[in-house]
**Student:** 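I'd like to ask some things about the structure below.
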There are 2 protein chains.
Amino acid sequence: MQSLTIGKVARLAGVGVETIRFYERQGLIAEPPRKESGYRQYPQQTVVRVRFIRRAKELGFTLKEINEMLYLRIDPNTTCEEIRVLAEAKKVDIEEKIRALQKIKEALVKLLATCEGRGPVSECPILDFLDQVES
Amino acid sequence: MQSLTIGKVARLAGVGVETIRFYERQGLIAEPPRKESGYRQYPQQTVVRVRFIRRAKELGFTLKEINEMLYLRIDPNTTCEEIRVLAEAKKVDIEEKIRALQKIKEALVKLLATCEGRGPVSECPILDFLDQVES
DNA sequence: CTTGACTCTGTAGTATAGTACGGACTTTAT
DNA sequence: ATAAAGTCCGTACTATACTACAGAGTCAAG
């Protein structure tokens, strides 16, 4: 099995070279062996690992959480349950974010309804709202 | 009309003293006059301004956008329409964020449905999903 | 063999929105 | 009068996730 250079890993995983090095510094991927020249030699497996990180990020996990998952995973005592708990927590997390955004949206919609977009800025109900002294 | 110290403005607006100075550096609030001692002397109006900033932030505007609104506002040629456009854009913005989060949530829900939380981590369908080589 | 592409290291910068600190000075309350 | 609280400034640090750069060395193709 031949090894990959950092550039190849990056291309195969769809990220930049600097991202790979960054993940290494963060402990998300192991320090690979080097050639005499100092060039990193990655096993194919690294591409899978980087893709894992990307997908997890797309699911809203932070690098810190992903790191945790990766560590859980290599521990033979970890059960599927523990991963499930993480995913469950993330779902709750995301639901909260959605709710918060929906509230904001409703406020904006209300404001937009009161503003016809006519008249000078001094009479803009949106700014008036923002100016309210009482919450 | 007596003036306020930075600490009073901060308390009245519900932020920290450092935040006021930060907003000043960012050009969100004007540099106030000083006493001979160098102490800042804020007009009451500043409290309203800081609250405006806070409320706009709660509506999802960034400081940069808020700055833009504040500048629009002091320009006598600005119409209500221009503010409305900003609010409209922000609404679209937030709707997009909500949609993105909802997608993520759906993916998580699907994953959770396939995982009973039993068995070793080596058989966890969530990790399997994250491992998929093909997108 | 040369040229261009790639990689190395370490440091610094990006964006966002603040927060913290140290040492000196000022104001307020007792 | 003294002590506590507040304020000054400039700088540096926080978190997140990268991205950029300089200057040197290495690798692969023609």
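We name chains A, B, ... by the order of the sequence lines, and we start the count at 1 in each one.
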**Student:** Is any side-chain heavy atom of A:Leu86 closer than 4.5 Å to a side-chain heavy atom of A:Glu82?
**Tutor:**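 The answer is no; the side chains never approach within 4.5 Å.
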**Student:** Taking atom C1' of D:dA5 as reference, at what distance in whole Å does atom CD1 of B:Ile6 sit?
**Tutor:**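 Roughly 15 Å, once rounded to whole Å.
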**Student:** Which sits closer to the 5' end of DNA chain C, B:Thr62 or B:Lys8, going by the nucleotide each is nearest to?
**Tutor:**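 Whichever sits nearer the 5' end wins; that is B:Thr62.
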**Student:** Main chain of B:Ala30, side chain of B:Arg49: is a donor-acceptor contact present, judged purely on distance under 3.5 Å?
**Tutor:**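 No: the side chain of B:Arg49 does not pair with the backbone of B:Ala30.
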**Student:** Please report, rounded to the nearest Å, how far the P atom of D:dG6 is from the CG atom of B:Leu12.
**Tutor:**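 The answer, rounded to whole Å, is 13 Å.
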**Student:** A:Leu63 has an atom CG; how far is it from atom C1' of D:dT19, in whole Å?
**Tutor:**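 Rounded to whole Å, this separation is 14 Å.
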**Student:** Backbone N or O of A:Leu12 within a donor-acceptor pair of the A:Arg51 side chain at under 3.5 Å?
**Tutor:**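 Indeed, once roles are kept as given, a pair shorter than 3.5 Å links the two residues.
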**Student:** Under a 4.0 Å threshold between the charged nitrogen and the carboxylate oxygen, would A:Lys64 count as salt-bridged to A:Glu68?
**Tutor:**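 No.
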**Student:** Applying side chain to side chain donor-acceptor pair (under 3.5 Å), can you list everything that pairs with A:Arg40, at least two apart in sequence or on another chain?
**Tutor:**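 Expected list: A:Glu24.
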**Student:** Can you sort out which residues in residues 32-42 of chain B have a heavy atom within less than 4.0 Å of DNA chain D? Ascending by number, please.
**Tutor:**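 Result for residues 32-42 of chain B: B:Arg34, B:Gly38, B:Tyr39, B:Arg40, sorted by number.
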**Student:** Can you list, in residue-number order, the parts of residues 15-23 of chain A that come under 4.0 Å of DNA chain D, counting heavy atoms only?
**Tutor:**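 Result for residues 15-23 of chain A: A:Glu18, A:Thr19, A:Phe22, A:Tyr23, sorted by number.
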**Student:** Is a side-chain N or O of B:Lys90 found less than 3.5 angstrom from the main chain of B:Gly60, in a donor-acceptor match?
**Tutor:**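 Here the side-chain-to-backbone pair exists.
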**Student:** Send over the distance from B:Leu4 CG to D:dG6 C1', rounded to a whole Å.
**Tutor:**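 Checked: the CG to C1' distance equals 14 Å.
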**Student:** Rounded to the nearest Å, what distance is computed from the CD1 atom of residue B:Ile66 to the P atom of nucleotide C:dA17?
**Tutor:**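 Rounded to the whole Å, the gap is 7 Å.
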**Student:** Between the main-chain N or O of A:Asp93 and the side-chain N or O of A:Glu96, is there a donor-acceptor pair closer than 3.5 Å?
**Tutor:**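 Here the side-chain-to-backbone pair does not exist.
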**Student:** Nearest whole Å is fine: how far is C:dA20 C1' from B:Arg25 CZ?
**Tutor:**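 For the pair B:Arg25 CZ and C:dA20 C1', the rounded distance is 12 Å.
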**Student:** Quick one: is A:Thr5 getting a side-chain N or O under 4.0 Å of the C:dC6 phosphate, OP1 or OP2?
**Tutor:**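 Answer is no, no contact under 4.0 Å.
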**Student:** Starting at CD of B:Glu31 and ending at P of D:dC9, how long is that distance when rounded to a whole Å?
**Tutor:**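 Rounded to the whole Å, the gap is 9 Å.
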**Student:** What is the distance from CD of B:Glu65 to P of C:dA15, rounded to the nearest Å?
**Tutor:**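 Going from B:Glu65 (CD) to C:dA15 (P), I get 15 Å.
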**Student:** Report yes if the side chains of B:Thr78 and B:Arg73 come closer than 4.5 Å at any heavy-atom pair, otherwise no.
**Tutor:**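 B:Thr78 vs B:Arg73: side chains apart.
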**Student:** State whether the side chain of B:Glu123 and the backbone N or O of B:Pro120 hold a donor-acceptor pair below 3.5 Å, judged by distance alone.
**Tutor:**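 Side chain of B:Glu123 to backbone of B:Pro120, a donor-acceptor pair under 3.5 Å: no, none is there.
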